[in-house]
Amino acid sequence: MNESQQFASDNYSGICPEAWQAMAAANQGHAPAYGDDHWTEKASDAFRALFATECEVFFAFNGTAANSLALAALCQSYHSVICSEAAHVETDECGAPEFFSNGSKLLVAPSADGKLTPQAIRAIATNRSDIHFPKPRVVTITQPTETGLVYSVEEIRAISATCRELGLHLHMDGARFANACASLGCSPADMTWRAGVDVLCFGGTKNGMAAGEAILFFDPKLAEDFDYRCKQAGQLASKMRFLAAPWVGMLDTGAWLRNGEHGNACAKRLLRQIEGLGGVDIMFPPQANAVFVRMPEAKLATLRERGWRFYTFIGGGARFMFAWDADAQRVDQLAADIRQITAA
Ligand SMILES: *Cc1c(COP(=O)(O)O)cnc(C)c1O
């Protein structure tokens, strides 16, 4: 049975037609296993074309693995990773970054809006330099942030300049990278390697695929032995073509960007209808595909009674997150319910 659309998360959505068709096209006959097939080659080349650089490309089943293995590749076990206190690696990966790096510690920067700043990075990285403290080695930023904000290219450049000065690598968790590109209207290259990002985890799942994240190393030296790391972690797909083919469909047709634009537009659509209402506080300016709404607890309960699902784990407000296929009429229903409940 078809349930009504919910906006609790963008991973409630299904598979977009472009990814689905590419899966079907890959499902013809046999192909070599473990990434030696032409779909994997085509997907890797499509990333190199999109990013206009000869990056090293790997595929993992999910974002937790992609982030954790990428961070592990940038660290020794005695190193540390600087992140925002809202970072998915800190709050939602069950310690996987520490586990896969054999103990590299996450150093969490306080942040009112979920973003990291050069000042916060510098404060943590220079706080201790003695042998008793894990040596800072990596900075990870989430683009867009867990709070639905987007770092400008200028902000990323400023962070990477600080990283270079302090001898830190820069990793980007791009679980919703397409939404950030759509939001800024800038090229993937400008937002990543040209701005000093060393490694990007590019999310496919929330972008409209069934599963799969790509890990892009812009400095090939950092990718040394990464294939072994993936295999050891159980992330080497035996029928790799089915992890790779959807990317070919997404990248070749431009669906990755259209899907991101659609999610962002739906967030704006909700925002337009509820901003300025008394008793409704928009917690962060919606710059990607999320809207965070603070309302009195009783009103949130009423919204739940009306059948809406949402998470409140960031700051206690309701998070609404719009996927590639978010239905505009359903967005309007949500807006109408919020308006009615706040007026009551
Ligand atoms: C969804 C998400 C991930 C990946 O999560 P998985 O469930 O492991 O695929 C990573 N980072 C952020 C910011 C996310 O929102």
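Whatever order the structure lists them in is the order used to number ligands and atoms, beginning at 1. Here the structure is a predicted model, which means the values were calculated and not measured.
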Is a side-chain N or O of Asn67 found less than 3.5 angstrom from the main chain of Val89, in a donor-acceptor match? no
Looking only at protein heavy atoms, what sits closest to atom 4 (C) of ligand 1 is Gly63 CA, 3.4 Å
Between Gln119 and Arg122, is any side-chain donor less than 3.5 angstrom from a side-chain acceptor? no
So the atoms of ligand 1 within less than 4.0 Å of a heavy atom of Thr142 turn out to be 13 (C)
Do you see a donor-acceptor pair shorter than 3.5 Å between the side chains of Gln273 and Asp332? yes
Give the residue and atom name of whichever protein heavy atom lies nearest to atom 11 (N) of ligand 1, and the separation in Å to one decimal. Asp173 OD2, 2.6 Å
Is it the side chain (CB and beyond), the backbone, both or neither of Glu213 that lies under 4.0 Å from ligand 1, heavy atoms counted? neither
When you measure from atom 1 (C) of ligand 1 to every protein heavy atom, which one gives the shortest distance, and what is it? Lys206 NZ, 1.3 Å
The protein heavy atom nearest to atom 7 (O) of ligand 1 is Thr64 OG1, 4.4 Å
Donor-acceptor check, side chain of Trp193 to backbone of Phe51, threshold 3.5 angstrom: yes or no? yes
Asn207 (side chain) donor-acceptor with Trp256 (main chain) under 3.5 angstrom: yes
Can you see which heavy atom on Asp37 is nearest to which on Thr40, and at what distance? OD1-OG1, 2.6 Å
Numbered atoms and elements of ligand 1 in range of Arg176, under 4.0 angstrom, heavy atoms: 15 (O)
Of all protein heavy atoms, the one nearest atom 10 (C) of ligand 1 is His88 ND1, 3.3 Å
Any donor-acceptor N or O pair under 3.5 Å, side chains Arg306, Gln340: yes
Between ligand 1 and Asn67, can you find any atom pair, the residue atom being a heavy atom, that is separated by under 4.0 Å? yes
Show the atoms of ligand 1 that are less than 4.0 angstrom away from any heavy atom in Glu146. 13 (C)
